[in-house]
Visitor: 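Would you mind keeping the following structure in view while I ask a few things?
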Amino acid sequence: MEITIPIPREFSFKRTVISHGWCQLLPFVIDRENWRLTRTLDLNGASPVTISIRATKRALVVDASRRLSQTATKKVVADVRHMLRLDDNIEEFYSLIADDTDFNWIPTQGAGRLLRSPTVFEDLVKMICTTNCSWALTEKMVTGLVENLGRESTNGNRTFPTPEAMALMPVKFYVNEVRAGYRSEYLKELADRVASGALDVEGWFKSPLNTSDLAKEMRDVKGVGPYAAENLLKLLGRYDGLALDSWTRARFFSIRNKGRKATDKKIARYYSRFKEWRGLALWCDVTRDWLDGS
């Protein structure tokens, strides 16, 4: 079954898909040779479906692994629009950098949209799995969650687990099967809180709180420090924070400071002209070379 979804004029499928590492984490699967993004989606109780997304000049073409009802089709379209940020308004950001010779490649190439998961819960779990570890370990943890707890679609691929599925498992499962180490207790507690209704992480998407207060609320979740909170905020469309870590600092040293180390204050000053968009400007800056030929 094929679904066509119109795209904004300035949208870049390639730039959005590879905007950060989520495309490498299950249930996402990226085929860079053919530029297809595959994803298995939950359909609110119905059997999961695996979709493959590709782009034409004017639309996304979504191939589903089976025929879908009208209700399921609407859910797939909504999830695709959400994941690829089709409804994000970044014209203000583009206008801000239009005359900046170091950054005006961003609107030209349609960069600036950061791939996200269908749910805040999934993004939050994955963010916890990125802290204080190698990317290889992040991949291993996320793969363990999906392969052990995800719901299976008709073609054998699996969804990201629900909070309820994760809450059913004991801490030792996260230690022994997911290899989450000290994060095991964090993942268990998070799943318990979300599954019970004690914590509404999906509500963060439309939270009336200012960014600073919302970040504080996020940091009340065990395992979420400033780095994880600021990165998660970017996926919610709030780009105030720089989310500095060893990798982004090293990239700044290389591309903006002639290889010399710099303080976080200097990095913050460099991007301060981009105001509430500074976190997005930094991220685009340090990942510019991720797309061949850029």
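Throughout, residue positions are numbered sequentially from 1 according to the sequence presented. Source: prediction; values computed, not measured.
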Visitor: If you define the side chain from C-beta out and look only at heavy atoms, does anything of V224 sit under 4.5 Å from L124?
Guide: yes

Visitor: Between R269 and S272, which heavy-atom pair has the shortest distance, and what is it?
Guide: O-OG, 2.8 Å

Visitor: Please walk me through it: do M218 and V120 pass side chain to side chain contact (heavy atoms under 4.5 Å, CB included)?
Guide: CA-CA 11 Å; M218 291 177 173; V120 178; over 6 Å; no

Visitor: Do L190 and K222 make a side-chain contact, defined as non-hydrogen atoms from C-beta onward lying under 4.5 Å apart?
Guide: no

Visitor: If you look at every heavy atom in W22 and R116, which pair is closest and at what distance?
Guide: CD1-CA, 4.1 Å

Visitor: Does a side-chain heavy-atom distance below 4.5 Å link V178 with L149?
Guide: no

Visitor: I51 versus V80: any side-chain heavy-atom pair under 4.5 Å?
Guide: yes

Visitor: For the residue pair K188 and F173, establish whether any side-chain heavy-atom pair is separated by less than 4.5 Å.
Guide: no

Visitor: Do the side-chain N and O atoms of T50 and N155 include a donor-acceptor pair separated by under 3.5 angstrom?
Guide: yes

Visitor: Honestly curious: do L199 and L168 fall in one hydrophobic cluster under the side-chain, below-4.5 Å linking rule?
Guide: no

Visitor: Compare all side-chain heavy atoms of T73 with those of M1 and state whether any distance is below 4.5 angstrom.
Guide: yes

Visitor: Give the minimum heavy-atom separation between A180 and S184, together with the two atoms involved.
Guide: CB-OG, 3.5 Å

Visitor: Is any side-chain heavy atom of F160 closer than 4.5 Å to a side-chain heavy atom of L26?
Guide: no

Visitor: Identify the two heavy atoms, one from R238 and one from L209, that lie closest to each other, and give their separation to 0.1 Å.
Guide: NH1-O, 2.8 Å

Visitor: Would you say N257 and Y270 are linked by a side-chain donor-acceptor pair, where the criterion is simply a distance under 3.5 Å?
Guide: no

Visitor: With rounding to the nearest 0.5 angstrom, report the CG to SG distance, L115 to C23.
Guide: 6.5 Å

Visitor: Go through T131 and R183 one step at a time and tell me if the side chain to side chain contact (heavy atoms under 4.5 Å, CB included) criterion holds.
Guide: CA-CA 9 Å; T131 57; R183 302 167 194 80; 3.9 Å; yes

Visitor: Before giving the answer on side-chain hydrogen bond (donor to acceptor under 3.5 Å, both in side chains), spell out for D123 and S117 the whole-Å C-alpha distance, their side-chain angles and the decisive distance to 0.1 Å.
Guide: CA-CA 6 Å; D123 283 332; S117 307; 2.6 Å; yes

Visitor: Provide the closest heavy-atom pair for M166 versus L145 in the form atom of the first, atom of the second, distance.
Guide: CE-CD2, 4.1 Å

Visitor: May I ask you to test the E122-K126 pair for a side-chain heavy-atom distance under 4.5 Å?
Guide: yes

Visitor: Passes side chain to side chain contact (heavy atoms under 4.5 Å, CB included), M169 versus E177? Steps please.
Guide: CA-CA 11 Å; M169 307 307 292; E177 302 299 328; over 6 Å; no

Visitor: F274 and ring-ring contact (aromatic ring centres under 6.0 Å, His included): which partner among Y94, F103, W283, Y239?
Guide: F103

Visitor: Among N210, L280, T211, whose side-chain contact (heavy atoms from CB on, under 4.5 Å) with D240 holds?
Guide: T211

Visitor: Would you check, one step at a time, whether the test salt bridge (Lys or Arg N to Asp or Glu O under 4.0 Å) holds for E10 with R15?
Guide: CA-CA 11 Å; E10 80 289 350; R15 275 288 180 189; over 6 Å; no

Visitor: Kindly determine whether L68 and K75 satisfy side chain to side chain contact (heavy atoms under 4.5 Å, CB included), including the steps that lead there.
Guide: CA-CA 10 Å; L68 300 172; K75 175 67 163 55; over 6 Å; no

Visitor: Taking atom types as modelled, is there a side-chain donor on S153 or T40 under 3.5 Å from an acceptor on the other?
Guide: no

